[in-house]
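Input: a single structure, listed below in structure tokens.
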Amino acid sequence: MPAQGPYLIALALGAIVLLLALILAAKMHAFLALLIASMALGLASGMAPQAVLKSIQAGFGEALGFIAVVVALGAMIGRYLEHSGGGAALATWLLGKFGRERAIWAVLVAAFLIGLPIFFEVGFIILVPLVWSLARESKRSLLYYGLPMSAALTVTHALVPPHPAPAGAAQLLGADLGRTILCGIAVSIPMAVAGGILYGVPVARRVFIPVPEMAGLEPQARTGDRPAPAVPLVVFILLLPVLLMLAATLVRGSTLLGFFGHPFTALLVTALAAMFFFGLRRGLDRDEIGRLATQSLLPVGTLLAIMGGGGAFKQVIVDSGVGPYAGKLLAASSISPLVVAYLIAAAMRIAQGSATVAIITAAGIVAPLVKGLHGYSPEIIVLAVCCGGTIISHVNDAGFWLVNQYFGMSVATTLRTWSLMKVVISLVGFGIVMAAHALSR
């Protein structure tokens, strides 16, 4: 018989504790720990053994169905960029234009603009070679540039339509999409600055993270004496998938743009362009180009296994019924609707990992409660839900493992840098939402 009530929540919390214990104390590989925790939670909650396995399979497949292609193509683009020296050339140009102390602002602004039309994972894969190069050139901690980039990408993903979570929440809560976009941008800018700069810079000074091995060879080790590609060409390759996806977003009725603007096609076109401009045009033969592609995929296998395991864990938590029960408990309280919306989304995010699932599910729970409620605009409630849904990213979130692997950090270091930055972002955003509501009354 399936578990119910407080016992179900206790099981979910116990599964998270088990997962952390296996990874941090037992030093077990995260992929194995995720599978064990998923099975333990499913069986303990009363799910049939076959249902547990089907849930794990569904979650694994759902997590990798999109991101596996994105990560693989993005890894190839990054490898060609790094091997050509283009990333180092762009990093040097940025440092020259903005100065070493202001380059983080260039990274944050670029990530924010790129993050408006595209998913967090896509923007991260596009920009992480630039972060690697900046950290290598400046000899600073990777976090000095990585946290501003990640902060900007994560806030746009959670707060600004047309991203699925805020767009779905706006529809469920009856908010105007245009106003939600404007309000989301207005709130997410100070959130990105608070998390990426005000929090990120002091953390980077205390925690030195070197450029990871998966970043590839040092720029000086590229083949022969070929000069690095021109900065405008590097910028064009970097922005090509963004422009294609942005065009598809702005012109929704075009089948052709819809096809070439899909992340799969946009990144494939960009990968082929990188092969040509950073490979063939610079004198590499086909064997060398193929070897670079193979090298780029070598570290991806572990990353994808871990992210798939995170998806499996998330799916078992969802299928066990923890989310709906926890949300109803909070919804039954008598506190402010904005606080209720924030806490429901935060609880969903902490329990199952996915910001999109947390935000959309929380919006569905909150919508009947706030329908016809005077004094609260739908847009302000959407923002409260979205801020709650971005409260933290830990071991049951695919994004956690993306940052963990591409920044080359341990799980403990990822928790006290990236995860805490997410908490700062969420609290700052919710504080702004509460202040804006108080001033509008």
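What you see below is based on every heavy atom in this structure, not just the backbone, and it leaves out hydrogens, waters and symmetry mates. Everything numeric in this text was worked out from a predicted model, so none of it was measured.
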**Under the ring-ring contact (aromatic ring centres under 6.0 Å, His included) test, residues paired with Tyr80 that sit two or more places apart** =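 Testing Tyr80 for ring-ring contact (aromatic ring centres under 6.0 Å, His included), a comparison that skips the adjacent residues, returns none.
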
**Message:** Once ring-ring contact (aromatic ring centres under 6.0 Å, His included) is applied, do any residues pair with Phe120, and if so which ones, sequence neighbours excluded?
**Reply:**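 Counting only residues at least two positions away or on another chain, Phe120 forms a ring-ring contact (aromatic ring centres under 6.0 Å, His included) with Phe124, Trp418.
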
If I take atom [atom1] from residue [X] and atom [atom2] from residue [Y], how far apart are they, to the nearest 0.5 angstrom?
X: Cys183; Y: Ile432; atom1: SG; atom2: CD1; result: 12.0 Å
X: Thr390; Y: Leu427; atom1: OG1; atom2: CG; result: 10.5 Å
X: Phe112; Y: Ile185; atom1: CZ; atom2: CD1; result: 6.0 Å
X: Leu147; Y: Ile197; atom1: CG; atom2: CD1; result: 9.5 Å
X: Ser393; Y: Leu402; atom1: OG; atom2: CG; result: 9.5 Å
X: Met149; Y: Ile114; atom1: CE; atom2: CD1; result: 10.0 Å

Could you tell me whether the side chain of [Y] reaches within less than 4.5 Å of the side chain of [X], counting heavy atoms only?
X: Tyr144; Y: Val201; result: yes
X: Leu53; Y: Met39; result: yes
X: Ile56; Y: Gln315; result: no
X: Tyr7; Y: Leu11; result: yes
X: Leu143; Y: Met409; result: yes
X: Pro212; Y: Trp132; result: yes
X: Lys422; Y: Arg349; result: yes
X: Pro337; Y: Val366; result: no

Looking only at non-hydrogen atoms, find the nearest pair between [X] and [Y] and report the distance.
X: Leu159; Y: Cys386; result: CG-CB, 4.0 Å
X: Leu172; Y: Ile360; result: CD1-O, 3.5 Å
X: Gly196; Y: Pro148; result: O-CG, 3.2 Å
X: Leu304; Y: Leu64; result: O-CD2, 3.3 Å
X: Ala170; Y: Thr180; result: CB-OG1, 4.0 Å
X: Tyr376; Y: Ser336; result: OH-OG, 3.8 Å

**Asked** Is it the case that Ser138 and Tyr145 place a side-chain donor and acceptor less than 3.5 Å from each other?
**Response**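 Short answer, yes.
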
Keeping the roles fixed (side chain from [X], backbone from [Y]), state whether a donor-acceptor pair exists under 3.5 Å.
X: Ser426; Y: Val423; answer: no
X: Ser320; Y: Gly42; answer: no
X: Thr265; Y: Gly261; answer: no
X: Ser133; Y: Leu130; answer: no
X: His163; Y: Ala165; answer: no
X: Ser38; Y: Val316; answer: no
X: Ser141; Y: Val207; answer: yes
X: Thr154; Y: Ser150; answer: no
X: Thr156; Y: Leu153; answer: yes
X: Ser55; Y: Ala51; answer: no

**Request:** Under the side-chain contact (heavy atoms from CB on, under 4.5 Å) rule, what do Tyr199 and Val428 come out as? Steps first, then yes or no, please.
**Result:** CA-CA 11 Å; Tyr199 170 82; Val428 168; over 6 Å; no

**Request:** Verify side-chain contact (heavy atoms from CB on, under 4.5 Å) between Ile126 and Ile77, making sure each step is shown before the conclusion.
**Result:** CA-CA 8 Å; Ile126 291 172; Ile77 296 168; over 6 Å; no

**Request:** Starting from the C-alpha separation in whole Å, work towards a yes-or-no answer on side-chain contact (heavy atoms from CB on, under 4.5 Å) for Phe430 and Ile391.
**Result:** CA-CA 10 Å; Phe430 186 59; Ile391 181 64; over 6 Å; no

**Request:** Check the pair Met47 / Asp319 against side-chain contact (heavy atoms from CB on, under 4.5 Å), numbers first and verdict last.
**Result:** CA-CA 9 Å; Met47 294 176 64; Asp319 291 345; 4.0 Å; yes

Quiz: residues 15-30 side-chain donor-acceptor pairs under 3.5 angstrom, not counting sequence neighbours:
from: Lys27; atom 1: NZ; to: Leu24; atom 2: O; distance (Å): 3.3
from: His29; atom 1: ND1; to: Phe31; atom 2: N; distance (Å): 3.0

